[in-house]
There are 2 protein chains.
Amino acid sequence: MGVSIKDIARAAGVSHSTVSRALADSPLVKEETRERIKQLAQEMGYSPHALARSLVTRRTQTVGVVVTTIADPFVSEIVRGLEETGQNHGYTIILCNSNAEPRRELAAVKALREKRVDGIIVTASRIGDLYLPLLEDFGVPIVLINNQQTGKYVYSIGTDDLRGGQIATEHLLSLGHTRIAYIASPNNVRSSQARMDGYRAALEAAGIAFDPALVAEGDGRPAAATHATEHLLSRGVRPTAIFCYNDMTAIGTIRALKKAGIRVPDDVSVVGYDDIPIVEYLDPPLTTIRQRKYDMGCMAMDMLLRLLNGAADVQDVTIEPTLVVRESTSAPRRV
Amino acid sequence: MGVSIKDIARAAGVSHSTVSRALADSPLVKEETRERIKQLAQEMGYSPHALARSLVTRRTQTVGVVVTTIADPFVSEIVRGLEETGQNHGYTIILCNSNAEPRRELAAVKALREKRVDGIIVTASRIGDLYLPLLEDFGVPIVLINNQQTGKYVYSIGTDDLRGGQIATEHLLSLGHTRIAYIASPNNVRSSQARMDGYRAALEAAGIAFDPALVAEGDGRPAAATHATEHLLSRGVRPTAIFCYNDMTAIGTIRALKKAGIRVPDDVSVVGYDDIPIVEYLDPPLTTIRQRKYDMGCMAMDMLLRLLNGAADVQDVTIEPTLVVRESTSAPRRV
DNA sequence: AATCATACTGCAAACGTGTGCGCTTGCGCC
DNA sequence: GGCGCAAGCGCACACGTTTGCAGTATGATT
């Protein structure tokens with residue numbers, strides 16, 4: 001095990017430099033010897049030692065990917081895109097879960113640095129302001145997904161959350177709804193804020209005053225959304241439609257509505273956000289705002305690769321979200 | 001950028017060997033110098049060069065993880081477990097999607113080999129008989145998840161699918177069902193076969209003859225399951241309960257039933273398999289067989305780490321699946 | 001005073017690869 | 001026959017570590 005170019009050199013009766021060049025298709029070595037060497041390498045089961053190579057080329061063909069948790073349908077779709085286009089260009093990815101714990105984030109950055117990854121891609125709802133500096137003085141390009149933030153070496157790609165909130169709300173308005181609630185995420189979550197801004201903008205454009213009583217706060221997961229919705233209902237608030245921060249929130253909301261004997265969409269319409277794979281199979285299939293997760297992954301990796309190739313004209317990207325109408329929304333009942 | 005131990009050595013007025021030892025807490029260097037060196041390393045922003053280290057230690061502290069696709073709630077949970085326990089022991093993981101395409105599988109193995117990973121973990125419904133040999137002559141320990149297969153360096157961890165099928169069926173039998181259907185996956189899928197074997201065993205133990213007419217074939221995804229179920233119904237087959245190969249199949253099955261105006265569980269009970277995170281939020285919440293995916297990930301990584309530490313007593317593991325009763329099953333209606 | 005053990009520290013090789021530079025060889029040309 | 005040129009190849013260094021071995025003090029022992 002472990003045949004090196006030196007072994008091949010010995011077998012071929014040349015120097016290891018020649019082997020190195022032959023395998024790299026250098027024109028500096030005669031075609032005949034090149035073929036002979038390649039043949040030999042094949043027979044001897046040679047596999048290049050990427051680490052040794054990296055040591056001298058100062059490139060590892062590896063990028064680090066930091067996510068909060070891979071067990072989230074949203075991020076796993078993105079990672080699929082990342083990995084696939086990375087692989088297509090000969091890059092390999094090192095995956096790190098941060099669990100949103102500072103300790104793990106730190107460990108991840110440290111590990112990626114030691115392994116000398118060529119670049120880093122981060123998907124995190126809230127990137128620690130604490131550890132962005134750490135990443136920066138690492139001196140390697142960084143692409144942020146869904147988290148615009150600026151700095152040296154830092155580029156970002158994301159969706160226009162404000163626009164998304166607007167589209168969702170406009171859809172409901174166009175169906176004839178006027179009392180539309182919003183189930184948010186904690187206000188330190190930038191994307192939730194942006195979606196709510198879009199929601200307010202759409203309302204105002206339609207001449208409807210924003211009513212804070214129609215807003216409740218979840219945490220992006222079903223259980224909290226169920227509570228938030230029940231809380232809303234118990235306060236005697238009766239919207240005819242609910243726009244949810246994300247699909248998981250919508251799932252919790254629908255559950256609360258059903259429990260209360262309220263039909264979806266007959267009594268109340270619901271709109272989600274993200275279009276995670278499962279929601280088309282819910283009952284009713286969920287109307288939602290689609291984020292092109294896979295594409296975002298592909299684009300983020302493309303962006304990083306361009307940066308690694310020294311492109312100077314790399315610009316931040318924002319993707320337009322789109323509306324996917326299914327069966328959780330309909331016109332409000334006549335009262 | 002790029003301070004090495006030589007730089008530190010120069011600054012400290014010692015040789016680089018001493019620096020190396022000091023940073024490794026070797027007792028061979030005087031406490032005072034050790035502290036001074038560490039201090040210096042800190043100040044100079046030193047980060048060890050893992051590649052150079054690996055070149056001499058012949059260990060990369062990296063393991064390769066090959067999955068069919070990370071965008072599957074089942075595998076992403078496993079990967080979470082893998083990554084987390086790996087990280088806890090100072091290991092980093094390289095993630096490769098194979099998409100079940102031979103071309104990508106090959107590329108993955110090649111890349112992992114060149115990067116000299118210490119070990120490999122594979123999660124794939126059907127590991128290519130073609131590429132297992134490739135992995136083997138790589139000469140590195142391999143852990144297979146949910147795919148018992150034997151070979152040199154190969155260990156495996158999985159769940160007892162037969163037992164799972166049995167448990168699911170027994171649950172339905174105990175509720176009083178006697179006409180129980182099974183929506184399978186193609187018969188080349190080992191796990192589907194095993195679950196069906198468990199299903200048959202339970203039926204026979206209850207004195208009920210196996211009826212091939214009650215079996216239909218899906219492909220593990222909702223759409224095919226919907227078709228399979230509709231096909232079943234159109235043939236005039238009327239089971240009072242349906243056991244599904246997995247949760248995605250169950251989702252498709254329930255959709256078909258609802259479309260046909262059949263209520264779940266009032267008219268027909270449904271049992272899934274896997275317990276992916278979403279199914280507790282379905283309507284009705286799904287009764288299913290739980291696979292401890294996260295734990296499987298943790299255990300697989302543990303196993304690999306033990307192998308890497310030279311443990312000789314490593315044995316294949318099989319995990320007992322458990323029944324999770326929710327609301328998609330109930331006693332059959334009196335006829 | 002010579003020997004010796006102890007406690008550090010440095011030298012140098014090794015891991016496997018890429019690459020600038022110089023050396024040889026063969027050939028054509030004047 | 002001398003010269004130049006191009007093609008093809010090897011030498012030697014570099015990348016940043018770890019580690020066996022040898023070396024040098026220092027102080028203690030005989």
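The sequence lines fix the lettering, A, B, ..., with proteins before strands; numbering per chain opens at 1.
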Between C/dT9 (P) and B/Arg10 (CZ): distance, integer Å | 19 Å

Residue whose nearest DNA chain C nucleotide is more 5′ - A/Leu51 or B/Val29 | B/Val29

Please give, in whole Å, the distance from C/dG18 P to B/Leu55 CG?
-> 12 Å

Evaluate the side-chain proximity of B/Val63 to B/Ile94: yes if any heavy-atom separation is below 4.5 Å, no if none is.
-> no

Under 4.0 Å between a side-chain N/O of B/Ser15 and OP1 or OP2 of C/dT9, yes or no?
-> no

B/Glu35 CD to C/dC8 P, in whole Å, measures 13 Å

Ignoring the backbone of B/Arg21, work out which of C/dG16, D/dG20, D/dG16 is nearest its side chain.
-> D/dG20

Report yes or no: is there a donor-acceptor pair, N or O only, under 3.5 Å between the side chain of B/Ser17 and the base of C/dC11?
-> yes

Can a donor-acceptor pair under 3.5 Å be found between the side-chain atoms of B/His16 and the base atoms of D/dT18?
-> yes

Are any non-hydrogen side-chain atoms of B/Arg292 and B/Thr159 less than 4.5 angstrom apart?
-> no

Touch check for B/Ser4, heavy atoms < 4.0 angstrom, all strands: base, sugar-phosphate only, or nothing?
-> sugar-phosphate

Nearest-Å distance, NZ (B/Lys6) to P (C/dG10)?
-> 14 Å

Spacing between B/Gln61 atom CD and D/dT18 atom P, to the nearest angstrom | 12 Å

Give the nucleotide from the list D/dT19, C/dG16, C/dT19 with an atom nearest to the side chain of B/Ser20.
-> D/dT19

According to a strict under-4.0 Å criterion, is B/Arg53 in side-chain N/O contact with OP1 or OP2 of D/dT18?
-> yes

With a cut-off of 6.0 Å (strictly less than), are more than 12 heavy atoms of other residues, nucleotides or ligands near CD of A/Gln42?
-> no

Separation of atom CD1 in A/Ile5 from atom C1' in C/dT17, rounded to whole Å = 5 Å

Can a donor-acceptor pair under 3.5 Å be found between the side-chain atoms of A/Arg34 and the base atoms of D/dG8?
-> no

How is B/Ser54 classified with respect to the nucleic acid when contacts are heavy atoms under 4.0 Å: base, sugar-phosphate, or nothing?
-> nothing

Separation of C/dT19 atom C1' from A/Leu23 atom CG, nearest Å, is 15 Å

Among D/dC15, D/dG8, C/dT9, the one nearest A/Lys30 by side-chain distance = D/dG8

D/dT17 P sits how many Å from B/Arg116 CZ, rounded?
-> 21 Å

So what does A/Arg58 hit on the nucleic acid, given a heavy-atom distance under 4.0 Å: a base, only sugar-phosphate, or nothing?
-> sugar-phosphate

Per-pair distances, 0.1 Å, donor-acceptor, side chain in residues 15-25 of chain A, under 3.5 Å, sequence neighbours excluded:
residue, atom, partner, partner atom, Å
A/Ser15, OG, A/Ser17, N, 3.3
A/Ser15, OG, A/Thr18, N, 3.4
A/Ser15, OG, A/Thr18, OG1, 3.4
A/Asp25, OD1, A/Lys38, NZ, 2.7

State, without any angle test, whether B/Glu35 and B/Gln39 hold a side-chain donor-acceptor pair at a distance under 3.5 Å.
-> no

Quick one: on DNA chain C, does B/Glu31 or B/Val56 contact a more 5' nucleotide (nearest heavy atom)?
-> B/Glu31

Taking atom types as modelled and ignoring hydrogens, do the side chains of A/Thr62 and B/Lys115 form a donor-acceptor contact shorter than 3.5 angstrom?
-> yes

